[in-house]
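One structure below.
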Amino acid sequence: MKRRDFLIGTALASAAPFFPAFAQTPRRLIAAKRQIVVRGRSASVYSLTDANGKPGIFANEGERFTVAVENRIDDGLILHWHGQTKADATQDRARPDGGALQPGGVDRHDFELTPGSHWMHAHTLHEQLLLAAPMIAREKDAGDVQDVVVMLHDFSFKSPDEILMGLTGGTGGAHGGHGAHGAHGAAGGNAPGMMARLRGMMGGMMGGGHAGHGGGAAMSMPMAVHANDVTYDAFLANDRTLDDPEIVRVERGGRVRLRIVNGGTATAFFIDTGALTASCIAVDGTPCLPHSGTRFPIAQGQRLDLLIEIPAGGGAFPIFAQVEAAKMRTGIVLATSGAAIAKLDGEAAATATHTDLSLDAVLRARDPLTERKADRVLPMVLGEGANYRWTINDRIHGEAAPIPVKRGERIEFRFMNPTTMMHPMHLHGHHFQVVEIAGKRLSGPMRDTVIVPPHVSVAVAVEFDKPGDWYMHCHHLYHMATGMMTAVSVS
Ligand SMILES: [Cu+2]
């Protein structure tokens, strides 16, 4: 043991009550405060770094996550290991009885890392203050490529509480989910008209039953659709805006693997690779058959692995992330040595469309689930009530008991969305396969977060292989904080 590691170990032991010794000295992961400058203005945000100040972890397939997490922020910390399907339920505080790591406290973890591009983040509105980091285990077959990690964020000079108050109209806030500080507001009421409209749409969407019918009645109704209900001051790629983007040095003729994480709290993006054609080789950290393109949607919580060949002639190649249904964008620049780097515009020439499932409709998992019928199909109706009350099957988080599932069961969740917004639905601890879009069966990608567009039904199949309670929620964190979360209880 190096002297430095010994000192670290001693410091931890004195700060924490008692922890069993590990065979190897745990790595440290520190949640702390830091200052950054956004558009010339200083802001106080959080960091999640190792002892050397490097965000998150970048390890190799097969390595273990043997880590001591230190809470040096001034509030309780609830971290989620997003995409870590090899970790058992007790490793994650983001679970129904997980509690929060108190300021000054230390948590120790030990589990095998799930290969691929994953991430870690606060399971509260602390994520809005950049409490998120990459959690990557480089695949054994990743090959001779240069890995470039890109973490996207939406940024506001307002506090998450202020943003939430703005959304709820100051009527309550965190209804049932764990909000920024676990505040409990008065449960928002439902406007009778809205509920009637919602039931009407649900009837239309569910009318087709299992017989390949994606809610034709609902889709033919002229419905308002919107995105970006939070107005942000900036969009960040690796903490920077396009005024001063990160320039990543790449080789002429080299191959780059972009590992893009959408750590945005309320924003979905399109990745635009511009002049370079990219090959999408994994989504949400799981391999898919290569699919080429220059524009790919990425909702909150999702990841995209894009393989790019740098032309032999070299140059500077911006990789943009454009906000859906808007012109604003952020990004990084891949540049070979000596390339001239032009000033980049923070707005695209054209407004982006809304994100949808067109990528999922064509992607095929490299390692899909075996073909078989699901043991059960569970309808999950996403709902929207007055005063920013977001529901699953008409309930906010805490109102409904966890969904009981037997270990080994294959469940198909059929999401139906009669609301006006897209919801990126995420399940903890498991990957699922997209098996149906708008009534059409397919063998789609394996993911852990799926876009559920307004007025479209999506089904995902999941094999529950680990006991415990697992959250399922919308990854628009203001929707989660105001109710759009439930749990699956596997026994
Ligand atoms: Cu949502």
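All values below come from the heavy atoms of this structure, side chains included, with hydrogens, waters and symmetry mates left out. Read the numbers this way: they start at 1 and go in the same order the structure lists the ligands and their atoms.
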The side-chain hydrogen bond (donor to acceptor under 3.5 Å, both in side chains) partners of Asp229 (sequence neighbours excluded) come to Tyr388, His476
Residue set satisfying side-chain hydrogen bond (donor to acceptor under 3.5 Å, both in side chains) with Gln302, at least two apart, ordered chain then number -> none
- Salt-bridge present (Arg441, Glu371; N to O < 4.0 Å): no
side-chain hydrogen bond (donor to acceptor under 3.5 Å, both in side chains) filter on Asp360, not counting sequence neighbours, yields Arg447
Non-hydrogen side-chain atoms of Leu48 and Leu131 separated by less than 4.5 Å: yes
Side-chain contact, heavy-atom cut-off 4.5 Å: His479 with Glu384?
no
Nearer than 2.8 Å to the Cu ion (ligand 1), the protein contributes N, O or S atoms numbering 3
